[in-house]
Structure formats: C-alpha cells, structure tokens
Protein chains: 2
Amino acid sequence: MATLEDVARLSGVTKSTVSNVISGKAAVREKTRSRVMAAIDELDYHPNLAARGLKKGKTLLFAVLVPTLQNPFYAKVMDVITQAALDHSYHVILCTTNRDLRLAHQHLQELSSRSIDGLIVMSIGTEFAQMLNSIPKDLPVVIGDWQGETYNVPHLPVIDIDFHTAGLIAANTLLDLGHRRIGVILEQPAHLKRLGGFLSGMTQRHITIPPGLIRAADPTLHSGYTQALELLQNEQRPTAIFATNDLMAIGVLEAATQLGINVPQNLSIIGIDDIEETSYTRIPLTTIALPKVAYGMTLVEHLLHTIEHPERQDANTILMRPRLITRASTGPNL
Amino acid sequence: MATLEDVARLSGVTKSTVSNVISGKAAVREKTRSRVMAAIDELDYHPNLAARGLKKGKTLLFAVLVPTLQNPFYAKVMDVITQAALDHSYHVILCTTNRDLRLAHQHLQELSSRSIDGLIVMSIGTEFAQMLNSIPKDLPVVIGDWQGETYNVPHLPVIDIDFHTAGLIAANTLLDLGHRRIGVILEQPAHLKRLGGFLSGMTQRHITIPPGLIRAADPTLHSGYTQALELLQNEQRPTAIFATNDLMAIGVLEAATQLGINVPQNLSIIGIDDIEETSYTRIPLTTIALPKVAYGMTLVEHLLHTIEHPERQDANTILMRPRLITRASTGPNL
DNA sequence: ATGAAAGCGCTAACAG
DNA sequence: CTGTTAGCGCTTTCAT
C-alpha cells in the first residue's frame with residue numbers, strides 16, 4: 001500500500017501538503033493540487049484510517065451488540081444499520097451475544113482494546129444493566145429497545161419501539177370491528193409490553209379478557225399453531241385472535257385453515273412486526289408494523305450525533321411509533 | 001484510556017519493559033513483572049489495538065461481504081462467523097451488499113482504507129469477478145459459496161456448499177420412495193446447481209421430468225404456494241414435489257392443505273436448507289440440511305490460516321456436503 | 001534484565 | 001501557500 005510519504009515524494013512536495021490536499025482544510029495552489037492528485041491516482045493511494053484514527057482519536061468505526069440475527073427483526077435492522085453507517089463512511093463491527101451475559105462481556109472486553117467511536121446495544125434488559133457499567137463513560141453509547149420495565153436504569157439514551165402502543169392499536173382495531181371475545185397468543189416474557197398495551201386498550205373500553213383466552217407460546221410458527229388450535233376448539237371460541245408476533249399469527253392462520261374456519265369471516269387475526277412473510281400467506285395478514293427502517297436509521301443517527309457532540313450527551317428516550325397495516329385477515333364481527 | 005506510558009510511569013519502568021511483560025516474548029524479572037501487572041490492573045489498562053496494528057500490520061479485524069441478512073441462511077452463517085471470530089480474538093466488520101454491485105464496490109472502496117487482515121466474500125458469481133480484481137492481491141481473501149458455473153474464475157480459495165449433491169440427494173430420496181412423476185419448484189437463477197444435481201439424479205435412473213413440471217418461483221413462501229397450486233391442479237398431478245428451498249416447500253405444504261391433499265400419503269414434499277421453521281410446520285418437512293455451522297467455521301478457519309501463512313495461499317475449492325433430514329413430509333408412492 | 005531510540009502513517013500547529 | 005516538527009500508542013532492534 002502506498003503511503004502519504006510515497007505520494008509526497010512522487011509529487012515533489014511534503015506530507016503536509018498532501019494532507020492539506022486531501023483534507024481540503026488549508027488552501028493549496030491549484031497547480032500543486034493537481035500534481036498531488038495525479039500522484040494519488042497513479043499510486044492508487046488510500047489513506048490509512050488506522051493511522052489517522054491514532055492521531056485524531058476517531059476511527060469511523062462503531063460496534064453493535066445484538067442478540068442474534070436469526071430473528072428477522074434484528075436481521076432487518078442490522079441491514080439498515082450497516083447501510084446507514086456506510087452512508088456516513090462508517091463501518092460496523094458486528095457482535096452477536098446470543099442473549100448470553102458472558103458472551104456480551106467477552107465482546108465488550110475485546111472491544112475495549114479497539115478504538116471504536118461508539119456502540120449500539122440492542123435489546124437488553126435490567127439483567128444487563130451491570131454490564132453497562134463496565135463501558136467506559138466517555139464512549140458514546142445508545143441503547144436500542146430497552147427491555148426493562150422503566151427507563152431510568154441506564155443514564156444513556158434509549159431508542160425504543162413503542163410496543164405498548166402496538167398492543168393498544170391491536171386492541172382498538174379489533175374492538176372497532178366489533179370483536180369482544182378475543183384470544184391472545186403471547187410470547188412470555190418478551191412481549192409483556194405488547195400485552196400491557198392490549199389489555200389497557202381493553203380496559204378503556206370496559207372489556208375483560210378471561211384468563212383462559214390468553215395463551216403463552218414460543219415465538220414460532222408451530223407454537224402459534226398449537227395454541228390457536230386449543231383456543232379455537234374451545235366451546236366458546238374467540239371471534240378474533242391477537243398474536244404478539246407475525247410468526248405466531250401465521251401459525252394461527254394455519255390452525256384456522258386446518259379447522260375449516262374462514263378468515264376473516266369467522267375469525268380475525270392480527271399480528272405484530274410486519275415480517276415479509278405476512279404479505280405472502282394465503283390470506284395476507286393484518287399486522288402492526290414495527291418501524292424497522294426508521295429505527296435502525298435513528299440508532300445510527302443518534303449515535304453519530306453523540307459522537308460529534310459529546311458535550312451534550314442527552315439521556316432521553318425516543319419512542320418509535322408502530323403503524324397498523326390492514327390486510328385481509330381482519331374483518332367485522334358478524 | 002490509560003496508555004503503555006502511564007503503566008510504565010506508575011510501575012517505574014519503561015514502555016519496553018511493559019511491552020515485554022505483555023507480550024511475554026522477552027524475559028522479565030518476576031519482581032518487576034508483578035509490579036507492572038499491578039499497575040495494569042490499577043489503571044485498567046487495555047492495549048490500543050489500532051496502535052499495535054499500525055506497528056505490526058495486523059489488526060485482528062476482518063470484513064465479511066454478504067448479500068443480505070434477511071435470508072435466514074446468511075443470518076445463521078453470520079452468527080457463526082462472529083462467534084468463531086471472537087474465539088480467535090478477531091472482530092468482524094459487516095458489509096451487506098444487497099446483491100448490488102455498486103454497493104459492493106463502495107464497501108470495498110471504504111475497506112481499502114481500513115487495515116483489515118482479511119476478507120470473506122459470500123455468495124457472489126461471475127458478474128462480481130471483475131470486482132474481485134480491485135482487491136489488493138496481498139489481502140487474504142476467501143470466497144464463500146461461489147455462484148459461478150466453474151471454479152476456475154477467481155484464483156482464490158473457495159468454500160462452497162455442494163448444492164449439486166443436495167439436488168442429487170433430493171432426487172434419490174424421492175426415487176427410492178417410488179416416485180416417478182415429480183414436480184420441481186425452483187428459484188431462478190440462484191438454484192440452478194440444485195436443479196442440475198436433481199436432474200442428473202433423474203437421468204441416472206432414466207427418468208425424465210416433463211418441462212411443465214418444473215416451475216420458476218421467487219424464494220418466498222407465497223411463491224411456493226402459488227406454483228404448487230398450479231402443479232397440483234394439473235390433470236396429471238405429481239406425487240412428489242421438490243422445492244429448492246424450505247420457504248417454498250412450506251408454501252407447497254400450504255397449497256396441499258388448501259386442496260385437501262394428504263401429506264405424505266398423496267404427496268411427498270422435500271426442500272433444501274433446514275431452516276428452523278421446517279421442524280415447526282404442521283407436517284414437519286423432510287429437507288436437505290445445508291451445513292451452515294461447519295460452513296461458517298470453515299470460512300473463518302481458512303481465512304485465519306491464510307492470514308497466518310500468507311506464503312502458501314492455496315486456491316482450492318472445499319465442498320461442504322449437505323445431509324438428508326427425513327421428517328414427516330415424505331413417504332412411499334402408494 | 002531493562003532502557004533508549006526509531007518508526008508504523010498520519011495530522012496539526014507553527015514558521016517561513 | 002508550503003515545509004518543519006512533534007506526537008498519537010505501540011513494537012522492536014540495539015545498547016547497556
């Protein structure tokens with residue numbers, strides 16, 4: 001690899017001048033400028049960011065801690081984050097924790113030797129709070145979708161998705177369609193905020209959901225299917241089912257198909273997330289879309305902002321609002 | 001952040017001695033050693049890898065170019081790669097290309113300023129071959145699942161998954177069960193190798209598949225569903241369907257359910273990939289598992305090996321073998 | 001066994 | 001406008 005020195009020698013100036021040409025900070029005579037540019041071209045010179053980083057204390061590199069990419073939500077968000085980073089000439093170091101505190105620590109440990117400009121930590125809760133203390137206080141950090149009950153635990157900015165509102169929207173959508181007997185398929189404990197929003201929507205309209213209609217499930221298609229079968233074979237079966245994520249909602253649709261129940265005539269189904277598959281099922285699913293793109297972009301923008309203005313590191317919470325997408329799986333309660 | 005200098009001062013020695021303690025390369029008297037260690041502890045010193053990298057020319061950092069994380073295959077492989085990297089004290093820079101040549105170029109461009117130790121490029125074909133030329137020849141590179149027809153294009157090591165064999169296994173499995181009239185749902189052009197293997201299996205047993213039974217699809221559940229509906233409403237419908245990935249196979253299952261066709265009694269279904277969902281469908285799907293974990297690990301190990309022994313950079317191809325997983329969706333042709 | 005000094009590639013005053 | 005100088009944090013001869 002060619003260095004600044006090489007370019008300087010070839011164009012008959014010093015490193016400083018070449019540096020000036022590149023940064024554009026100081027004025028350079030047009031003639032020398034073009035000579036330098038020619039040399040840069042000829043040598044195919046690329047500045048060494050590690051060296052620059054050493055000098056300036058900025059590496060144009062940040063890290064992202066994420067539980068797993070196997071959840072389509074995180075996969076999509078990571079795609080967005082790397083893209084947004086590239087747009088700002090940043091690169092991202094990917095660290096998957098598998099929700100394992102030890103792995104997370106190990107990553108943080110190794111990262112502490114790495115001069116990164118910032119860190120995004122996605123989807124952790126109170127049990128990780130202690131870990132956050134081991135992060136140097138001068139490293140810009142933003143938390144993505146904090147899983148704790150309250151937001152006052154870390155004194156760090158949090159970009160969250162308003163899962164409570166997502167649940168509320170689900171409730172209102174079904175209530176507005178005239179449904180009163182509504183089943184819920186819930187991932188425990190990850191989706192308790194969604195359930196909270198849903199139940200508060202119900203309470204506002206003075207509807208109570210019998211406990212038997214709320215069923216715990218794993219966040220898989222199959223688990224949604226199994227739980228839905230049980231709900232639907234109940235003597236007093238619900239006229240609508242709210243699944244706290246789309247994968248389970250697809251399972252519900254399968255169960256309905258299996259039992260010969262028409263959707264949406266005899267059963268409305270609503271999910272949360274808006275994963276790609278929901279538009280591709282036989283009956284496209286109504287769902288509450290999580291703003292994955294906006295979320296990823298905001299994470300990056302917020303982080304870069306903090307990196308550039310470390311003086312006013314705010315520790316507020318930004319709630320990204322989800323949005324109803326009406327498709328074919330919901331209809332009026334006949 | 002504390003520096004070597006700080007540690008040296010606190011322990012009353014020079015930087016060189018501290019460096020020796022850390023690297024363990026030169027002998028250090030036990031007494032000074034422990035004094036240095038104490039200082040390291042007290043100051044919570046972490047070596048600055050950027051500085052070390054500048055000096056030694058090794059950053060313990062490599063980059064991975066991958067089309068998208070939204071395909072569960074890549075998501076899984078990336079999880080494996082980051083994990084394997086961490087085990088060797090490496091970190092990985094994630095670059096998603098979205099199969100866009102321009103984006104790929106942009107990433108490579110930015111990466112050329114980054115002193116990375118190596119590069120993994122996943123899932124590219126001949127159209128990207130030119131791009132590979134713009135990679136500095138002294139940068140260790142390994143290609144993951146090369147999409148080109150032949151392997152002689154890049155003079156770089158290739159770790160590939162033996163998709164041809166995967167297709168062959170599908171063919172043999174169905175033939176052994178007595179199926180003769182077999183439909184194929186194929187992603188074009190990504191899965192042509194799989195089709196090739198399948199057809200060669202058929203040819204070996206002197207079975208010909210009428211062109212009408214091979215249907216092009218997108219790699220989505222819905223597309224599999226649609227194409228399967230058409231195949232199954234044919235007057236002479238197939239007794240088995242081979243879908244070139246699991247998502248489409250799930251769609252086939254849905255179509256069968258919809259038409260009241262029993263699986264596997266009246267229709268066998270086989271897919272490729274072994275994504276998580278295939279074990280969770282109503283009828284768990286028989287599939288040909290791609291060795292994602294072994295694949296990811298091999299990529300990393302091969303890369304690190306090349307980094308450590310740049311002198312004998314081999315340019316061979318390693319084919320990772322897929323493996324049949326028999327579940328409930330296949331049965332004898334009655 | 002430890003220290004002194006040079007240098008990896010770059011930027012940032014400061015001089016001229 | 002351009003050159004000189006110093007130094008970011010580390011490793012590595014080479015002396016001592």
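Chain naming here is simple, since letters A, B, ... match the order of the sequence lines and numbering starts at 1 in each.
In this structure, A/S16 reaches the bases: a heavy-atom distance under 4.0 Å links it to at least one base atom across the strands shown. Within 4.0 Å of B/T32, counting heavy atoms only, lie sugar-phosphate atoms of the nucleic acid but no base atom.
Straight-line distance from the CD1 atom of B/I22 to the P atom of D/dC10: 8 Å, rounded to whole Å. As a whole-Å value, the separation of A/L49 CG from C/dG9 C1' is 11 Å. Rounded to an integer number of Å, the gap from A/K58 NZ to D/dC8 C1' is 14 Å. Atom CZ of B/R52 and atom C1' of C/dC8 are 14 Å apart (whole Å). With rounding to whole Å, A/K25 atom NZ is found 16 Å from C/dC14 atom C1'. Spacing between atom CD of B/E5 and atom C1' of D/dC10 amounts to 11 Å, rounded to whole angstrom units. Distance CE (A/M1) to P (C/dC10): 8 Å, rounded to an integer number of Å. We find that CG of B/L54 is positioned 13 Å from P of D/dT12, with the value rounded to whole Å.
Residues B/K15 and A/A50 each lie close to DNA chain C; by heavy-atom proximity, the contact nearer the 5' end of the strand is made by B/K15. Comparing B/R29 and A/L4 by the nucleotide of DNA chain C that holds the closest heavy atom to each, the one mapping nearer the 5' end is B/R29. Residue A/A27 is the one, among B/K56 and A/A27, whose nearest nucleotide of DNA chain D lies closer to the 5' end (criterion: closest heavy atom).
Here the side chain of A/N20 is nearest to one of C/dC10, D/dT2, D/dT12, namely D/dT2. Of all nucleotides listed (C/dG9, C/dG3, D/dT12), C/dG9 comes nearest to the side chain of A/A51. Closest contact between the side chain of B/N48 and the listed nucleotides D/dT12, C/dC10, D/dG9 involves D/dG9.
A donor-acceptor distance shorter than 3.5 angstrom exists from the side chain of A/D6 to the backbone of A/T3, with no hydrogens or angles considered.
In this structure, the side chains of A/M78 and A/V92 come closer than 4.5 Å at one or more pairs of heavy atoms.
Atom CD of B/E127 has more than 12 neighbouring heavy atoms from other residues, nucleotides or ligands inside a 6.0 Å radius.
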Evaluate salt bridge (Lys or Arg N to Asp or Glu O under 4.0 Å) for B/K193 paired with B/D145, printing each intermediate quantity in order. CA-CA 11 Å; B/K193 281 188 189 170; B/D145 71 289; over 6 Å; no
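Residue A/S19 places no side-chain N or O under 4.0 Å from the OP1 or OP2 atom of C/dC10. In terms of phosphate contacts, B/T14 brings a side-chain nitrogen or oxygen within less than 4.0 Å of OP1 or OP2 of C/dG3.
For the residue pair B/D44 and B/H46, a side-chain donor N or O sits within less than 3.5 Å of a side-chain acceptor on the partner.
Donor-acceptor pairing under 3.5 Å, judged by distance alone, is present between the side chain of A/K55 and the base of D/dG7.
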